[in-house]
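This report concerns only the one structure given below.
Convention: sequence-line order gives letters A, B, ...; per-chain numbering from 1.
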Amino acid sequence: MSSYNMVKQEFIKKWITTLHILDCSVEHPLNVTERKNAIKLSSDIAMAAARSSSTVWSRALISRSGNKTANKPMARRVLKKARNRMKNRCLTLRRNGNFTAKSGVRRRTELLKRLVPGGELIENKDYLIRETLDYIVYLRAQVDVMRTVAAVDSVTGNLTNDNN
Amino acid sequence: MNGAIEADLLLDYNTDMSVLERQRAHLKYLNPGFDSPLAGFFSDSSMINGGVIDGFLGTDGLNLPMIYGQTTVEGDPRLSISPETMIGTGNFKKRKFDTETKDCDGKKKKILMMNREDEVEEEDEKSKLTEQNNGSTKSIKKMKNKAKKEENSYSNDSSKVTIQKTDYIHVRARRGQATDSHSIAERVRREKISERMKFLQDLVPGCDKITGKAGMLDEIINYVQSLQRQIEFLSMKLAVVNPRPDFDMDDIFAKEVASTPMTVVPSPEMVNSGYSHEMVNSGYSNEMVSSGYLHFNPMQQVDTTSSDPLSSCFNNGQAPSMWDSHVQNLYGSLGV
């Protein structure tokens, strides 16, 4: 029972750090959309970082996020390997698998592959399901944490407004 | 719960235990103290949600200690069975070979199959408790292997009573079924897939009635999509509430650290306690006071700009790896 809490704890630790870093790096004020994107990006990175590199989806998520952040040369150089590997494999797969899947299971697995980050790279259906399982657990943790924070915030937001 | 799960399994298979069940019964026999590490995995989440039944998420009270998997078990040389490890997300190789065994009744033909798991991950550690079946354990006890060429090395390894890193699952054919190694492997593979499907069924709420791969996949896809949409919505909500992206974290952080002396990284108990009274209850005045004070703390964590706080945060004492350096460089790109 503590494993799930540990997952959430890992996630929250990394999320705190990411948010602080993001906050330092970006100029204020941000509009709502930018803030939302920053939050989402930071939480995705935190989720992938909390899960170590042994899953395909976490690696894919990190490389995808690397594209979204400001393209500093240093980051580019370091992440280039991971990103290019992912990108090239994705492209070749798309080119090869250009047929539309007719049977239900086939179609759905391809849909699932698109949903799970890095799923397109996984050939083995067995492994895809395992990755999906893992991804669902971490998504769930992310949702729970965000919901907690949002709930706390709504209450404390009211309190601070009263003080002001 | 366990009875329900096993009953469910029994419905699908013959009255004989399925091959996987037999493996697990054997494991249970060898390692009686083993318990599901993720027991109550989902019962916790239901507690966290505080009983708020999200309509889409359906029943949050997934009180199943579930999961499939294997554990590290000390090999018994008599049985010449090597232990299993947890399912890792690492490489997965299979090897098959045949052996003959002597049974006390001598009627069943036993065939062994080897699996190799390289990596062990805690988050992937899932195990399912099955009730011990006296008959099957007896038959396993009395099994004896005759070695073939490939097998010799493995039985030599297993004769050392150590927990090996590469582990093997032994599978037996049921009576009256094809004993060809290929079909055995095929059957195990199918059983694993179906078992994983069952796990998914428990993970994804509202899946009990659905059978068949297509429906299951549909549900999984819907669930993943819904979770992703929820994340979008929640991040938008957080963005609306807070003037700055990191503002929201201070409150949580404050609550976590308020009860104990100031530390940079919250300890497990603190986080858990933070979760347990996450809501309206105690410590709001506490929080108001300490949030300003604790502002310094998180900022310090970042301002020290050396990789050490970050790495200690990420690694939790483990050695930094390529992964962590990737992540840290990503953070560097964000921050610098």
Point-to-point distance, once rounded to the nearest 0.5 Å, from [atom1] of [X] to [atom2] of [Y]:
X	Y	atom1	atom2	result
Leu217(B)	Arg107(A)	CG	CZ	11.0 Å
Leu115(A)	Gln225(B)	CG	CD	5.0 Å
Ile231(B)	Asp44(A)	CD1	CG	6.5 Å

Exercise. Check each of Thr109(A), Leu112(A), Thr132(A) against Ile221(B) using the side-chain contact (heavy atoms from CB on, under 4.5 Å) test, and report the only one that passes.
Key: Leu112(A)
Self-check item: Residue pair Ala150(A) / Leu234(B): nearest heavy atoms and the distance that separates them
Solution: CB-CD2, 4.2 Å
Quiz prompt | Side chain to side chain, Ile220(B) and Ile129(A), heavy atoms closer than 4.5 Å | solution = no
Exercise. Could you tell me whether the side chain of Arg147(A) reaches within less than 4.5 Å of the side chain of Gln230(B), counting heavy atoms only?
Key: yes
Quiz item: Ser43(A): what forms a side-chain hydrogen bond (donor to acceptor under 3.5 Å, both in side chains) with it, not counting sequence neighbours?
Solution: Gln142(A)
Exercise. Take Tyr223(B) and Arg140(A) through the test side chain to side chain contact (heavy atoms under 4.5 Å, CB included) and record every step on the way to the result.
Key: CA-CA 10 Å; Tyr223(B) 192 51; Arg140(A) 183 96 181 248; 3.1 Å; yes
